Amino acid sequence: MSTLHLVALAPFIMAIFIPFFYFKFRHIHTGWFILPLPLILFIYLIQYLPLGGGPMETVERSVPWVPSLDIHFTVFLDGLSLLFALLITGIGTLVVLYSIYYIANKKEEPLNNFYVYLMMFMGAMLGVVLSDNLIVIYVFWELTSLASSLLIAYWFHKEKSRYGAQKSMLITVTGGFAMLAGFSLLYMMTGTFSIREIITYGDAIVTSPLFLPAMILILLGAFTKSAQFPFHIWLPDAMEAPTPVSAYLHSATMVKAGIYLVARFTPVFGGAPEWFWIVTGFGLFTLLWGSVSAVRQKDLKGILAFSTVSQLGLIMSLLGLGSAAVHFDVVDGQSLYTVAVLAAVLHLINHATFKGSLFMVVGIIDHETGTRDIRKLGGLMTIMPVTFTISLIGIASMAGLPPFNGFLSKEMFFTGTLNSATLDIFNVQTLGVIFPAVAWIASIFTFVYCMIMLFKTFTGKHHPERLEKEAHEAPAGMLISPVILASLVIIFGFFPNLLAYTIIDPAMQSILPGLLEPGEQFYVNIYHWHGLNTELFMTMGVVFFGSMIFLNHRKWQETTFYLKERDPLNWFYDSGLVGLIKGSTVVNDVQMTGRLRDYFTYMFIFLVLGMGYMLWNTGALAVDMANTADISIYMYIITLSLVLATVVIPFVSSRISAIVLMGVIGFLVALLFVVFRAPDLALTQLLVETVMVVLFLLVFYHLPELKKETFKPAFRLTNFVISIGVGLVVTLTALSAHALSYENPISPISDYFVENAYALAGGNNIVNVILVDFRGLDTLLEVLVLGIVGLAVVVLIKFKAKKGEDV
Amino acid sequence: MNNLVILPILIPLLMGVILIFFKDSKSVQRTVSVISVGLMIAVSAYLTYIVYTEGIQTTELGDWPAPFGIVLVADLLSSSLVALSSLLSLVCLFFAYQTFSAERERNFFHPFFLFLMVGVNGSFLTGDLFNLFVFFEVMLISSFILISMGSKQYQLRESLKYVIINTVSSMFFVAAIAYIYGVTGTLNMADLAVKIGELEQTGVISVIAVLFLFVFGTKSAIFPLYYWLPHSYFAPPAAIAALFGGLLTKVGVYTIMRTYTLIFPHDQTVFQILLIFGGLTMFIGVLGAVSQFDFKRILAVHIVSQVGYMIMGIGIFTPLAIAGTFYFLAHNIIVKSALFLFAGVAEKITGTSHLKQMSGLLKTHPYVGWLFLITALSLAGIPPLSGFFGKFALIIAGFDAGNYFVIAVSLATGVLTLFSMMKIFMTSFWGEVKMPDPQAKDKKVGSLLIPILPLVALTILLGVAAEPFMQFSLELAEQLMDPSEYINSVLNKE
């Protein structure tokens with residue numbers, strides 16, 4: 001166990017103590033106790049950054065967990081995991097601070113739950129990014145889904161919260177299961193769960209027939225988590241969570257777990273055309289879908305949710321485009337395609353900063369005005385000046401305007417798509433032009449929703465009567481976190497190269513290992529002015545067309561496009577759930593009819609088909625009368641009468657005659673025993689039958705007449721076929737078994753009884769000796785059964801439970 | 001030869017008989033029951049330890065040498081299952097004390113309970129096919145009366161179906177025994193293994209194997225033989241339902257595991273059939289759970305689905321798969337019973353088991369909510385709880401054997417399991433506080449949670465500290481996959 005293990009486990013340990021803090025120090029906001037932890041972790045992690053230049057040194061520590069299944073809790077810290085770990089702890093600190101002011105310490109507010117979930121999430125998320133073992137990653141992965149759901153339903157009395165929680169749980173856990181299957185397939189190919197070892201297998205994986213299934217399954221996990229189309233539908237509904245949660249899980253960290261996974265697996269799958277196309281294609285489409293949908297939203301959080309979907313798509317597509325880099329030589333630390341990966345990493349950081357601050361700002365607006373509906377808001381610029389300034393910075397960055405950090409990564413994104421359009425592998429030639437085109441169109445819509453957010457909230461006329469509270473600026477404590485994030489937006493905008501070799505290059509080294517010679521570094525130089533190039537013209541176009549669309553919003557405000565804001569894909573989820581319950585009810589009702597005769601129909605079909613199939617399949621069917629004993633005339637008579645009596649029973653209409661016929665069968669069986677010279681059996685059978693018939697007659701005498709039921713011929717036919725079938729397989733199996741025993745003569749254990757009954761057990765009657773000595777336990781237990789039956793009869797008659805008495 | 005092996009059968013048998021004569025003394029009933037279950041736990045734990053360190057233990061009853069007399073065999077599988085079921089029975093007993101009316105206890109609940117354990121323990125320990133049949137009878141008749149005692153209309157109706165279906169299955173059991181005796185001339189399982197090994201499981205023996213699958217499949221409630229289960233498990237009180245849900249079907253699964261690894265391991269087709277019906281069972285079972293809106297009913301149908309996983313594991317038939325099956329079996333015994341007990345707690349609080357009539361339990365009874373959630377997630381196979389590791393071992397084993405399709409079905413079933421568990425949690429634990437009983441909010445149920453706690457602790461332990469248990473399972477699987485140790489220790493061939 002190393003300190004790095006502790007980093008991932010510390011939040012879990014903290015979670016255990018939270019109820020203590022909550023109940024013991026009821027008057028102090030629990031958040032204050034939590035706050036130091038992420039801060040300490042953040043500071044601790046910073047020391048791993050290569051601040052002095054030169055490549056980052058990776059750290060690996062391993063502890064066996066379930067070694068018999070190859071599961072080791074190995075922490076591995078490289079550029080990529082450090083980047084994420086810093087995001088998780090850094091944003092985590094700010095979010096905890098923000099939450100202290102956002103969720104008031106009121107009596108009915110279960111703060112302990114909130115922080116337990118939050119710590120559980122933080123630990124799990126750190127576990128995901130710090131682990132090297134795929135199964136450990138999976139374990140933490142599911143824990144993040146769980147924590148996310150619990151946080152979404154933090155206010156679980158609200159119907160919508162529950163709906164959102166269920167949706168996110170179902171979608172992300174389903175993805176998780178698929179991912180687990182994918183991991184297991186990788187294990188089949190490589191025999192290890194360690195990613196770093198898997199990476200070394202290279203071609204062995206690519207050529208395996210399991211390559212594609214494994215890849216798709218793992219991508220399912222990544223896409224569901226990172227809200228890629230069409231799985232993104234859970235994210236907007238996750239906005240029911242308290243806003244600190246949305247800022248933290250649903251924009252800055254958890255939803256980026258899928259991005260992390262794709263980046264992590266780029267060394268394994270990157271270079272395959274399927275990977276390139278799937279990741280890029282879904283990423284770009286998500287980008288477009290998300291930005292278009294965001295324009296339709298009226299809830300500020302709704303806009304941000306779809307904006308997050310769209311931005312996640314952007315990062316995803318960059319990773320897809322960048323995967324092509326593995327096919328090209330890197331000259332001077334860069335190639336046409338590494339720039340996409342560079343842009344992905346940069347945008348990941350930028351998005352966390354501006355989106356985090358925007359979520360917090362929206363939380364503030366919600367908190368101080370009581371609504372997030374842009375139709376009710378307006379004119380807040382003068383009332384909430386600080387909030388407005390933060391929003392302005394965040395929104396400008398999101399829209400991709402200089403001098404903020406969003407501009408840098410957006411330019412680079414355009415560069416990446418333009419470069420990829422000229423790619424000469426993977427049959428990109430004709431379709432290549434689509435990449436920059438989609439990127440550009442999506443950016444226009446991004447610009448539009450940014451404008452909507454900014455102007456609808458802060459400009460125009462203020463309508464105090466539409467708000468639930470009197471609007472005023474937020475308390476200082478609530479503003480600290482968004483101010484810090486907004487400052488970062490500016491700092492990273494002006495000095496992007498602060499990040500270049502401290503974090504971006506190490507992260508790129510992890511995503512694209514093996515491209516560089518050892519000791520070499522990627523060329524990371526980020527700056528605003530590249531001259532009058534295509535990218536700049538694209539940005540100008542975005543601003544121009546975006547503004548045009550926004551200024552004309554009156555013209556499209558009444559269209560159904562704008563009026564219907566719910567994502568149409570939800571239909572599949574909602575009706576899928578309804579259909580699932582309906583369908584399963586049908587399946588269940590067909591079987592669980594409550595009628596024994598139906599149950600037996602199904603059971604006997606299984607029996608007849610199963611045994612019949614085996615008889616036919618194994619060639620066991622051997623009906624050979626040659627080896628059977630002679631059948632005497634008595635046996636023919638007895639057996640035929642037996643069959644006759646049996647066949648007649650279903651046709652009699654009175655209970656009494658049915659019982660009599662049953663008795664006839666019993667006595668005929670006794671006769672068979674006589675013919676087979678087993679007098680004691682015959683005697684027993686006679687006794688049992690006599691008692692049974694008498695008892696039945698006594699009891700059934702008091703029952704009402706049998707109702708005459710009429711059945712459809714089809715029903716009768718089914719029953720007929722089944723009964724014949726059961727009879728046939730049972731008989732044929734008996735005959736075949738006999739044939740086999742004739743072929744392979746055996747010495748049955750009864751020989752031993754015959755020899756030793758008298759000598760060892762002192763009895764002349766073998767049957768008796770077997771019953772009381774050789775197999776005495778059987779008899780003891782049968783006596784027990786009889787005893788229980790006796791007691792049971794007493795209890796059934798005497799004991800009547802009253803309603804609600806015991807559960 | 002070790003007489004210890006018979007004690008888990010003898011203790012409840014004797015004590016049960018004694019208790020018949022003390023029907024009016026609640027304290028005697030309770031004390032004796034707890035002592036006998038405690039003894040069962042101690043003996044079986046010690047037995048497991050002996051088996052683990054010294055190898056398989058046997059008892060030849062009446063000193064009649066195997067294969068002629070009846071022999072009891074304790075290997076890792078049977079002894080650990082006896083230990084686990086004894087532990088479970090103690091939990092259910094303590095739960096029953098707090099939820100049962102005095103009247104129920106006066107009416108021979110304790111003897112029936114102990115006799116049921118005779119049947120369960122005996123089925124695990126016996127090494128004789130016909131003796132297994134007799135233990136099945138003991139189990140069947142005591143479970144029948146435990147379901148129906150109280151004589152409510154619903155109980156009587158469903159327990160009648162229960163007993164009829166199971167009796168028919170017993171009849172086929174006798175027929176199957178007759179067939180196999182006709183072919184091999186023996187009833188001792190180890191001897192059967194030898195004889196059938198010599199015959200190389202030709203033709204008709206595979207047919208008989210399928211007939212045994214019908215019999216044991218009915219006991220384990222596989223599709224399409226499970227119909228006795230869903231309604232009848234709804235009838236008895238929670239403590240009894242928990243005991244049944246945890247144990248009865250698992251006895252069936254145990255017998256399939258035992259017979260298919262020991263007696264019928266030769267025909268691949270039979271294992272294909274197991275795979276097919278394992279997949280069908282888990283899927284159709286979980287659909288049943290999805291369609292229900294009653295706490296107890298969801299759990300009851302769910303048993304079927306979980307059995308499917310185990311059948312699938314046996315069908316994959318590799319050491320890892322058998323280890324996974326055992327892990328899953330042990331996990332399921334623990335978790336399923338705990339869930340039934342939670343249903344009992346919820347019913348005790350709210351007065352109903354119908355999901356739509358209760359909500360907001362998490363607000364009024366947070367500890368019930370959290371403990372339930374942990375257990376429910378474990379059932380759905382969410383890590384790091386016990387349900388995950390059993391499932392994970394099965395996935396790896398299934399992929400290794402190339403059974404991709406059935407593994408896909410099992411994963412889909414996992415999703416639906418999660419859905420049905422979420423449904424319970426969402427409707428009864430989340431939501432506004434709403435319960436039919438106005439005093440429900442303030443009902444204290446802390447003492448009811450105490451017996452469940454060890455089960456919840458176990459499901460966490462089997463997850464977080466899985467390694468020793470997984471090693472045990474792997475060793476157990478090795479013992480099953482290579483039956484020579486079993487055969488030699490029974491037939492005294494050194």
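Just so it is clear, the model here is predicted, and its values are computed rather than measured. Quick note on labels: first sequence line is chain A, next is B, and so on, each numbered from 1.
Of the listed residues (A:V173, A:V730, A:L143, A:V789), the greatest number of heavy-atom pairs within a distance under 4.5 Å of chain B belongs to A:V730. Among B:V207, B:I396, B:I407, B:L411, the residue making the largest number of heavy-atom pairs under 4.5 Å with chain A is B:V207. Looking only at heavy-atom pairs under 4.5 Å with chain B, the residue among A:P67, A:G619, A:G776 that has the most is A:P67. Of all the listed residues (B:I9, B:D191, B:I70, B:V210), the one sharing the greatest number of non-hydrogen pairs under 4.5 Å with chain A is B:I70. Most heavy-atom pairs under 4.5 Å with chain A, from the set B:G150, B:P237, B:G360: that is B:G150. Note on B:F389, B:F144, B:F425: by heavy-atom pairs under 4.5 Å with chain A, the leading option is B:F389. Among B:K423, B:M470, B:K363, the residue making the largest number of heavy-atom pairs under 4.5 Å with chain A is B:M470. Note: B:P384 leads B:G122, B:S142, B:P384, B:A380 in heavy-atom pairs under 4.5 Å with chain A.
Between the side chains of A:S168 and A:S149, a donor-acceptor pair is found at a separation under 3.5 Å. With 3.5 Å as the limit, one finds a donor-acceptor pair spanning the side chains of B:D267 and B:T269. A donor atom on one side chain and an acceptor atom on the other are found under 3.5 Å apart for A:S145 and A:T172. In this model, a donor atom of one side chain and an acceptor atom of the other lie less than 3.5 Å apart for A:S68 and B:E467. A:Q591 and B:Y226 are linked by a side-chain donor-acceptor pair at a separation below 3.5 angstrom, with hydrogens and angles left out of the test.
Interface remark: B:T126 contributes no atoms to any contact with chain A (heavy atom separation under 4.5 Å). Only the side chain of B:L373 has a heavy atom closer than 4.5 Å to any heavy atom of chain A. Proximity to chain B is limited to the side chain of A:N113, based on heavy atoms less than 4.5 angstrom apart. Heavy atoms closer than 4.5 Å to chain B are found in both the backbone and the side chain of A:I581. With a threshold of 4.5 angstrom between heavy atoms, B:Q292 approaches chain A through side-chain atoms but not through N, CA, C or O. Looking at B:L160, there are no atoms closer than 4.5 Å to chain A (heavy atoms on both sides), in backbone or side chain. Only the side chain of B:L416 comes within contact range of chain A, with at least one heavy atom under 4.5 Å from a heavy atom of that chain. Interface residue A:S750: backbone and side-chain heavy atoms are both found under 4.5 Å from chain B. Heavy atoms of B:F293 lying under 4.5 Å from chain A belong exclusively to its side chain. Interface remark: B:M426 contributes backbone and side-chain atoms alike to the contact with chain A (heavy atom separation under 4.5 Å). For chain B, no part of A:L732 is nearby; none of its heavy atoms comes within less than 4.5 Å. Using a 4.5 Å cut-off between heavy atoms, B:V286 does not touch chain A at all. Heavy-atom distances place both the backbone and the side chain of A:L760 under 4.5 Å from chain B. Contacts between B:I273 and chain A at a heavy-atom distance below 4.5 Å involve the side chain alone, from C-beta outward. For a residue to count as touching a neighbouring chain, one of its non-hydrogen atoms must lie under 4.5 Å from one of that chain's; by this rule A:I135 touches chain B with the side chain only. When heavy atoms are compared at a cutoff of 4.5 Å, A:L615 approaches chain B by way of both its backbone and its side chain. With a threshold of 4.5 angstrom between heavy atoms, B:W370 approaches chain A through side-chain atoms but not through N, CA, C or O. For a residue to count as touching a neighbouring chain, one of its non-hydrogen atoms must lie under 4.5 Å from one of that chain's; by this rule B:F277 touches chain A with the side chain only. With a 4.5 Å cut-off on non-hydrogen atoms, B:I284 touches chain A through its side chain but not through its backbone. Using a 4.5 Å cut-off between heavy atoms, A:A165 contacts chain B through both its backbone and its side chain. At a 4.5 Å heavy-atom cutoff, A:V793 makes no contact with chain B through either its backbone or its side chain. Residue contact with chain A, scored on non-hydrogen atoms closer than 4.5 Å, is absent for B:N188. With a threshold of 4.5 angstrom between heavy atoms, B:A175 does not approach chain A through any atom at all.
Screening A:Y138, A:W141, A:F177 for a ring pair (Phe, Tyr, Trp, His ring centres under 6.0 Å) involving B:F388 leaves a single residue, A:Y138.
Using a 4.5 Å heavy-atom cutoff, the side chains of B:V168 and A:F604 are in contact. For the pair B:P67 and B:L187, the minimum side-chain heavy-atom distance is 4.5 Å or more.
For A:F193 and B:F392, the ring centers are positioned less than 6.0 Å apart. Outside the 6.0 Å centre-distance limit, the rings of B:F399 and A:Y187 are not counted as a close aromatic pair.
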Task: Test side chain to side chain contact (heavy atoms under 4.5 Å, CB included) applied to A:M179 and A:L220, step by step - done: CA-CA 7 Å; A:M179 193 177 88; A:L220 267 175; over 6 Å; no

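A:R162 places a side-chain N or O within 3.5 Å of a backbone atom of A:F156 that can act as its donor or acceptor partner. In this structure, B:K161 contributes its side chain and A:G594 its backbone to a donor-acceptor pair below 3.5 Å. A donor-acceptor distance shorter than 3.5 angstrom exists from the side chain of B:S359 to the backbone of B:E432, with no hydrogens or angles considered.
Ring pair B:F68/A:F753 is perpendicular by interplanar angle, where above 60° counts as perpendicular and below 30° as parallel.
Between atom CG of residue B:N107 and atom CE of residue B:M149 there is a gap of 5.5 Å, rounded to the nearest 0.5 Å.
Under the 6.0 Å distance and 45° angle rule, A:R597 does not count as a cation-pi partner of A:F600.
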